[in-house]
Protein chains: 2
Amino acid sequence: MSDEDANPGAAPTLEQARKQIARYGLETDPQAVLVAVRLMAAGARLDRASEVHFARSGLSTGRYRLLVDLEDSDGEKSPSQLAKSLGVSRATVTGLVVGLEREGLVARRASTEDGRGAVVVLTARGSQRLRDMAADHFARLEALVGGLAADERGLFLDLLERITQRIDALTAE
Amino acid sequence: MSDEDANPGAAPTLEQARKQIARYGLETDPQAVLVAVRLMAAGARLDRASEVHFARSGLSTGRYRLLVDLEDSDGEKSPSQLAKSLGVSRATVTGLVVGLEREGLVARRASTEDGRGAVVVLTARGSQRLRDMAADHFARLEALVGGLAADERGLFLDLLERITQRIDALTAE
DNA sequence: ACCAGATGATTAGGAAGCTAACTATATGGG
DNA sequence: CCCATATAGTTAGCTTCCTAATCATCTGGT
């Protein structure tokens, strides 16, 4: 270990994990810790990069995901349903919709069936925005994963799925 | 596709990816898109879960990472070095240190070598906080990855590494 | 038919990250 | 030796997310 970290992107090493575990006299598998920590670091980095990417189209990651969700649902959906499928709180959906409405990418209507409810509608302009982004967006996603062969992608999805299933265990009781 | 999403945790499907790509007449590999999107979703979910997890010890993910980084560096480091190794901005480090200092987990000293510089020092109390958290923390990390066999963990790390290397490509140009 | 409790949406306020701008100190070329 | 430029740290202001509280409406048990 020299004076410099030589590790600017914040990717921890197996050696660091090992040392931390030893420091507290634990028996944990260092590699398991490394997987968890690296996944968190990768997630955070990807998150920031996504924001930059979407900002180029005048959107944020959250707003883009909401538009896509809307388009996948024939252009309309209630805020509560959006919150559920996007995995964010209803309050967050309110904020996203306010921003998107201001730019004319979605519109809000009162629900006809439920006096409390609202319906968020994708506008022609919102739909066009998605269309404008599509080619570049999907190309970049493909580039991100381009280092993996087809069978490796399937494998990665399987492994990732088996980790994400247990995310709740991180906070459970 | 019924009325309900049956997919509350926000994990997109291959079918959705395929439909989106088809909608815009693109040639992108749906599985590649799925990998990218799932990784982003997993990262975001893990991030929130981490905050909840660390909040139980009165910390945030960022504050915890700073304390650990400090301990890995013999208990002291400059804010700039911390920013680099944590992969966050200097301004963020200032904020984290302010909070940690308020709780007595770190202290700030002026650098003896550089009149501009400062040194963040891990206090006994900060060190103790890490010690108190260790057993539970590492056990939870191990549980998170517990669905993977040892060789699968290595494989996952390799695949993840090959994706994260390309994160910059998402925003390049 | 009514009231209690559930549910939909919003608002208010907080935390963590960012960039840009500011202050103070170092450093190096002329 | 001095001034231009670079670097360290902080501050101000923005965004996104969150939880908790509020208000309106719906629903079910008596």
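So you know, we letter chains A, B, ... as the sequences are listed, proteins then strands, and number each from 1.
Between the side chains of A:Q20 and B:D72, at least one donor-acceptor pair of N or O atoms lies under 3.5 Å.
Taking every heavy atom of residues 107-123 of chain B and every atom of DNA chain C, pairs under 4.0 Å involve B:D114, B:G115, B:R116, by number.
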Base versus backbone protein contacts along nucleotides 12-23 of chain C [heavy-atom cut-off under 4.0 Å; B, S, -]:
----SSBB----
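Between A:E51 and A:R48, none of the side-chain N atoms (NZ, or NE/NH1/NH2) sits under 4.0 Å from a carboxylate O, so this pair counts as no salt bridge. Between A:D158 and A:R162, at least one side-chain nitrogen of the basic residue sits less than 4.0 Å from a carboxylate oxygen of the acidic one, meeting the salt-bridge criterion. A salt bridge does not link B:R125 with B:D132: every distance from a Lys NZ or Arg NE/NH1/NH2 to an Asp or Glu carboxylate oxygen is 4.0 Å or more.
In this structure, B:F54 and B:H137 have tilted ring planes: the angle between them lies in the 30° to 60° band.
With B:R166 contributing its side chain and A:A143 its backbone, the two residues share a donor-acceptor pair below 3.5 Å. Side-chain N or O atoms of A:Q81 include one that pairs as donor or acceptor with a backbone N or O of A:S78 at under 3.5 Å.
The hydrophobic side chain of B:V52 is isolated, with no ILVMFWY side chain under 4.5 Å apart from it. Through chains of ILVMFWY side-chain contacts below 4.5 Å, A:V121 is grouped with A:V119.
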Pair up each side-chain donor or acceptor in residues 24-33 of chain B with any protein partner under 3.5 Å, not counting sequence neighbours, and list the distances.
residue, atom, partner, partner atom, Å
B:Y24, OH, A:E71, OE1, 2.4
B:D29, OD1, B:Q31, N, 3.0
B:D29, OD2, A:R153, NH1, 2.5

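A nucleotide of DNA chain D counts as in contact with chain A when one of its atoms lies under 4.0 Å from a heavy atom; the first and last such, 5' to 3', are D:dT16 to D:dC26.
When the side-chain nitrogen and oxygen atoms of A:S78 are compared with OP1 and OP2 of C:dG8, none of them lie within a distance under 4.0 Å.
Among the heavy atoms of the strands lying under 4.0 Å from B:S80 are primed sugar atoms or P, OP1, OP2 only; no base atom is included.
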